[in-house]
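All chains are named by letter (A, B, ...) in the order of the sequence lines, taking the proteins before the strands, and each is independently numbered beginning at 1.
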2 protein chains.
Amino acid sequence: MRIGELAERAGTTTRTLRYYESRGLLAARRGANGYRDYDEADLRLLEQIRVLQDFGFDLEDTRPFVDCLRAGHDAGDACPASLDVYRAKLAELDACIARMQDVRAEVAAQLARAEVAADAGIPGGPDPKCHLS
Amino acid sequence: MRIGELAERAGTTTRTLRYYESRGLLAARRGANGYRDYDEADLRLLEQIRVLQDFGFDLEDTRPFVDCLRAGHDAGDACPASLDVYRAKLAELDACIARMQDVRAEVAAQLARAEVAADAGIPGGPDPKCHLS
DNA sequence: GTAGACCTTGACGTCTGCGTCAACGCCAGG
DNA sequence: CCTGGCGTTGACGCAGACGTCAAGGTCTAC
C-alpha cells in the first residue's frame, strides 16, 4: 500500500510517516515510480509506535519495540530492551506523579491561605448571602 | 541595583530577566547610561515569578500575580485573578495526575504480561536461583 | 489533453523558556 | 591608554513531533 493509505489506516498523517522514516523507524520499499510501498507488517510497526506515543513515550523509546518486531517477534515487547524501557518509564512516571502531587498540595495550601486572607481582608465582605430577607 | 545583581540575588540569569521584560513582566527603570535599574519591589516580583515557575506555571500564568503585586498588594495572590489561576492549575494538575496514573497502570500491566510471556517463552529459563545447593 | 488526486524532496514554522554568541557601549583601576 | 568587567540590543539555537508550504513528478479518469 502507499503512504496515504497507511496513514489513514493508522489514523495518522503522511507527514508523520515520513518523519518516522527520517528518524530511522519504519523503513519503506520503493516502487518503480519512487513511491513508498508498505505492507501489513509496517502497519503493525506503526501501530506499536502509536500506542507508545499515546502513552507519552518519546520516539527514541519506541525504537527497541520496533527493532523487536523487525527481528521477527510477534510482539514489540518480547525483547529485554523493550522491558527495560517499560521499567524506566514506570520509574519516570512514578517520579513525575509524586512531584505533581507535591506541587498540587502546595498550590492547594496557597489557595486556601489566600482565600482566608481575602475573607479577612474584606471584613463583612462575603458573609452569608442566603440570609432570608 | 543593576541587572547582574538582581539576577544573582534571585538565583537566576540576566538573560532570564531580559526575557521577562520582553514578555511584559518585570519592567525596569533606566539609568542615564541606559542600564536597567531595579529596586527591592522588583526583587519581590521576580521571586513571585520564580516560585510559580518552579511549580510548573507557565509565564503567562504568573502575570496576574505580578499585576497584583504592582497594584500595591503585599501578596501576589491577594487578587481574584490569581486565585482563579490557582484553581485552574489545581484542575489541570488533577487531570494530569489522573492521566499519568492511568498510563502507569497500563504500562505496568503490559510489563507484567510481557514478563510472563517471556517466562513462558523460555521454558526453564529464569527458574528459582536461590535454590540451596 | 487536462484536471485532479496522489506522490516526491526540501525547508521553514510552531511552542516555551531561556542559552549562547556577536558586536558594541560604559566605566573603573593601574 | 589599555584591560577587564559590567551593560546594551539583536539574533540564532535547542528540544519534540510534527504542520505547512513550495515546486515539481506521476497516475487515473474523462
For Arg29(A), all residues meeting salt bridge (Lys or Arg N to Asp or Glu O under 4.0 Å), sequence neighbours excluded: Asp39(A), Asp42(A)
Distance below 4.0 Å between Arg50(A) side-chain N/O and dA17(D) OP1 or OP2: no
Residues touching DNA chain C, which here means a heavy atom under 4.0 Å, drawn from [range]:
range: residues 10-21 of chain A; answer: Arg15(A), Arg18(A)
range: residues 1-8 of chain A; answer: Arg2(A), Ile3(A), Gly4(A)
range: residues 24-48 of chain A; answer: Arg30(A), Gly34(A), Tyr35(A), Arg36(A)
range: residues 51-59 of chain B; answer: Gln53(B), Asp58(B), Leu59(B)

Nearest heavy-atom neighbours spanning Ala75(B) and Cys68(B): O-SG, 3.6 Å
Minimum heavy-atom distance Leu45(B)-Arg70(B), with the two atoms named: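 Of all heavy-atom pairs spanning Leu45(B) and Arg70(B), the closest is CD1-NE, 3.9 Å.
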Does [X] use its side chain to pair, donor to acceptor, with the backbone of [Y] at less than 3.5 Å?
X: Asp37(A); Y: Met1(A); answer: yes
X: Thr14(B); Y: Ile3(B); answer: no
X: Thr12(B); Y: Ala7(B); answer: no

Stretch residues 84-93 of chain A: residues that reach within less than 4.0 Å of DNA chain D through a heavy atom: none
Lys/Arg-Asp/Glu bridge criterion (N-O < 4.0 Å) met for Arg15(B), Glu21(B):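 Salt bridge between Arg15(B) and Glu21(B), a charged N being under 4.0 Å from a carboxylate O: no.
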Disulfide (SG to SG under 2.5 Å) contacts touching residues 7-67 of chain B (sequence neighbours left out):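 Residue pairs with at least one partner in residues 7-67 of chain B: there are none.
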Pairs meeting criterion disulfide (SG to SG under 2.5 Å) with involvement of residues 32-66 of chain B, two or more places apart: none
Pairing residues for Glu60(B) by the side-chain hydrogen bond (donor to acceptor under 3.5 Å, both in side chains) criterion, not counting sequence neighbours: Arg63(B)
Contacts of type side-chain hydrogen bond (donor to acceptor under 3.5 Å, both in side chains), residue Glu47(B), not counting sequence neighbours: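 Glu47(B) satisfies side-chain hydrogen bond (donor to acceptor under 3.5 Å, both in side chains) with no residue once adjacent residues are dropped.
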Any Phe57(B) side-chain heavy atom under 4.5 Å of Val107(A) side chain: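 The answer is yes; the side chains approach within 4.5 Å.
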Note, Thr62(A) side chain near Gln48(A) side chain (heavy atom, < 4.5 Å):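 A side-chain contact under 4.5 Å is absent here.
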Close aromatic pair by centroid cut-off 6.0 Å: Phe65(B) and Tyr86(B): yes
Residues Arg113(A) and Gln110(A): side-chain donor-acceptor under 3.5 angstrom: yes
Flag for Arg50(B)-Tyr20(B): side-chain donor and acceptor within less than 3.5 Å: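 Side-chain D/A pair, Tyr20(B) to Arg50(B): present.
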Terminal helix-axis angle for the helix from dG1(C)-dC30(D) to dG30(C)-dC1(D), with five pairs defining each axis and rounding to 10 degrees: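 Here the helix ends are tilted 40° relative to one another.
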Sequence neighbours excluded - salt bridge (charged side-chain N to carboxylate O under 4.0 Å, His left out) pairs with any residue from residues 80-92 of chain B: Glu115(A)-Arg87(B), Asp61(B)-Lys89(B), Asp84(B)-Arg87(B), Lys89(B)-Glu92(B)
